[in-house]
Amino acid sequence: MKIEQITLHHLRMPLVAHFETSFGRIFERDCILIEIQSEGLTGWGECVADRDPGYCYETSGTAWHILMDFVIPQTLGQDIADAVDFQQRVANIRGHQLAKAGVEMALWDLLGQRQGQSLCQLFGGIKTQVPVGVSVGLQDSPEILLQTVEKYLTDGYRRVKLKIKPGRDFGDTALVRRAFPQLQLQVDANSAYTLETARALLPLDELGLLLIEQPLFEDDIWDHASLQKLLKTPVCLDESIVSPRHARYALEMQACRVINIKPARCGGLAQGIEIHEMCQQAGIPVWCGGMLETNIGRASNLALASLPNFSLPGDISASARYYHEDLTEETFTLNADSTITVPDRPGLGVTVVRSQVEKFALARVTF
Ligand code: OSB
Ligand code: MG
């Protein structure tokens with residue numbers, strides 16, 4: 001695929017409701033869209049770096065810089081065969097996985113359109129609908145927490161993830177568990193604990209949780225192995241798994257029993273697929289995480305989650321959970337059985353509405 005033109009769009013979109021994690025509260029979400037023109041086709045990718053470096057060190061600012069000054073000069077005008085070829089060309093750029101993944105997604109979109117195949121087909125996906133859940137941020141009071149969870153259950157979600165942090169862990173989780181004894185429930189600490197303070201998480205073992213996500217430091221797989229030994233509940237890693245190598249370290253150290261695959265965090269879909277295969281062989285279930293994507297990134301997540309070892313519900317909620325207005329003609333809705341249908345048209349299988357992109361754009365640059 002000859003890369004003829006690349007346009008970056010920096011967007012800021014207001015969320016339907018604020019989202020609070022252990023690293024802060026946001027009311028709006030940044031993203032960078034990567035639009036690539038190649039041989040009469042247009043491919044779109046979404047870089048999920050946010051304005052602040054709370055989840056990881058990358059921001060919309062660092063991603064813009066890495067894309068403009070390094071990734072684009074190395075790809076523009078080149079003839080790129082596929083995602084693996086792209087990964088090799090940018091391997092000299094250390095880290096900055098979210099930035100690279102945004103471009104890689106656009107290349108997959110182009111590849112699929114060229115071959116008349118959906119991403120699901122290109123990846124070897126086997127599901128036409130994937131089970132999903134909803135990620136519930138920290139709420140201002142126990143009453144609001146229960147109301148929020150109840151609203152999502154009424155919407156039809158059958159799996160709920162609660163954000164936790166020190167002082168807001170067992171109390172919140174036990175409250176929801178008491179109100180909904182049968183609910184598929186899990187928690188996510190976003191690296192808010194140390195091995196010492198994580199003792200507060202031991203009572204969670206009695207609440208029948210699916211998993212406890214990323215309790216300890218993002219760069220610390222070792223201590224997660226010590227913590228997993230103290231818990232019956234599976235530890236699940238998110239932030240710590242920034243490459244297939246890190247997935248291998250985690251499996252060898254028995255640092256977790258589940259992995260949350262966010263392809264962007266690992267530098268792209270190619271690595272997401274690789275980790276999926278590695279976990280399948282090791283008997284470790286995976287699920288697809290979310291980064292409050294627009295429908296562009298959501299289409300990509302749905303395709304990935306159609307692979308066989310994505311055996312737990314993903315953080316891929318319906319479009320309406322995130323934004324009042326999204327960027328594509330298509331809207332993703334929740335099916336009655338708490339699944340979302342995987343796009344089946346070529347490439348990402350979504351049609352981007354340019355006027356919507358313009359509406360939320362803070363900056364744009366074309367190469
Ligand atoms: O840790 O899974 C996370 C959103 C932004 C950054 C990190 C996380 C999240 C979520 C939201 O939990 C998942 C979603 O997109 O629905
Ligand atoms: Mg997480």
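Counting starts at 1 for both ligands and their atoms, in listed order.
Ligand 1 is approached by E213 to a heavy-atom distance shorter than 4.0 Å.
For the 3.5 Å distance criterion, the side chains of Q97 and E58 fail to qualify, holding no donor opposite an acceptor. Using modelled atom types, one finds no donor on one side chain facing an acceptor on the other under 3.5 Å when comparing Q186 with Q184. Between the side chains of Q129 and N335, not a single donor N or O lies within less than 3.5 Å of an accepting N or O. A donor atom on one side chain and an acceptor atom on the other are found under 3.5 Å apart for D205 and T233. A side-chain donor-acceptor contact under 3.5 Å links E293 and N301. In the model, H65 has no side-chain atom that pairs as donor or acceptor with a side-chain atom of T62 under 3.5 Å. In this structure, a donor-acceptor pair under 3.5 Å is present between the side chains of T42 and Q37. Using modelled atom types, one finds a donor on one side chain and an acceptor on the other under 3.5 Å when comparing D169 with Y193. N295 and S319 are linked by a side-chain donor-acceptor pair at a separation below 3.5 angstrom, with hydrogens and angles left out of the test.
The distance criterion of under 3.5 Å between nitrogen or oxygen atoms is not met by R321 with respect to ligand 1. Of the polar atoms of S317, none of the N or O atoms is found under 3.5 Å from an N or O of ligand 1, judged by distance alone. Taking distance alone, with nitrogen or oxygen atoms compared against 3.5 Å, N260 stays at or beyond that limit from ligand 1. Among the atoms of E239, none of the N or O lies under 3.5 angstrom from an N or O of ligand 1. Taking distance alone, with nitrogen or oxygen atoms compared against 3.5 Å, F19 stays at or beyond that limit from ligand 1.
By the neighbour-count criterion of 12 heavy atoms within 6.0 Å, atom CH2 of W64 is densely surrounded, having more than that number from other residues, nucleotides or ligands. Heavy-atom neighbours of R364 CZ from other residues, nucleotides or ligands within 6.0 Å: at or below the threshold of 12.
Under 4.0 Å from ligand 1, not a single heavy atom of D50 appears. If you look at K161 next to ligand 1, the close heavy atoms, those under 4.0 Å, all belong to the side chain. Heavy atoms of V134 found under 4.0 angstrom from ligand 1: none, in either backbone or side chain.
Near D238, with a cut-off below 4.0 Å to any heavy atom, the atoms of ligand 1 are 1 (O), 2 (O), 3 (C). Taking a cut-off of under 4.0 Å to the non-hydrogen atoms of N190, the atoms of ligand 1 that pass are 1 (O), 3 (C). The distance from ligand 1 to the heavy atoms of D188 drops below 4.0 Å at these ligand atoms: 1 (O), 2 (O), 3 (C). For ligand 1 and K262, the ligand atoms under 4.0 Å from any heavy atom of the residue are 1 (O), 2 (O), 3 (C), 7 (C), 8 (C). Taking every non-hydrogen atom of S135 and a distance limit under 4.0 Å, the qualifying atoms of ligand 1 come out as 10 (C), 11 (C), 12 (O), 13 (C). Taking a cut-off of under 4.0 Å to the non-hydrogen atoms of L292, the atoms of ligand 1 that pass are 4 (C), 11 (C), 14 (C), 15 (O).
For the Mg ion (ligand 2), protein N/O/S neighbours under 2.8 Å (waters excluded) are D188 OD2, E213 OE2, D238 OD2.
Among all non-hydrogen protein atoms, the one lying nearest atom 14 (C) of ligand 1 is Y322 OH, 3.4 Å. The nearest protein atom to atom 13 (C) of ligand 1, hydrogens excluded, is given as G290 O, 3.5 Å; this is a heavy-atom distance. With hydrogens left out, the protein atom closest to atom 6 (C) of ligand 1 is M291 SD, 3.6 Å, a heavy atom.
Using a 30° and 60° split on the angle between ring planes, F310 and H276 fall in the parallel class, below 30°.
Looking at heavy atoms from C-beta onward, F86 lies in side-chain contact with V90 at the 4.5 angstrom threshold.
Every residue two or more places apart in sequence or in another chain was checked for a salt bridge (Lys or Arg N to Asp or Glu O under 4.0 Å) with E239, and none qualifies.
Without hydrogens or angle criteria, R265 side chain to D238 main chain gives a donor-acceptor distance under 3.5 Å.
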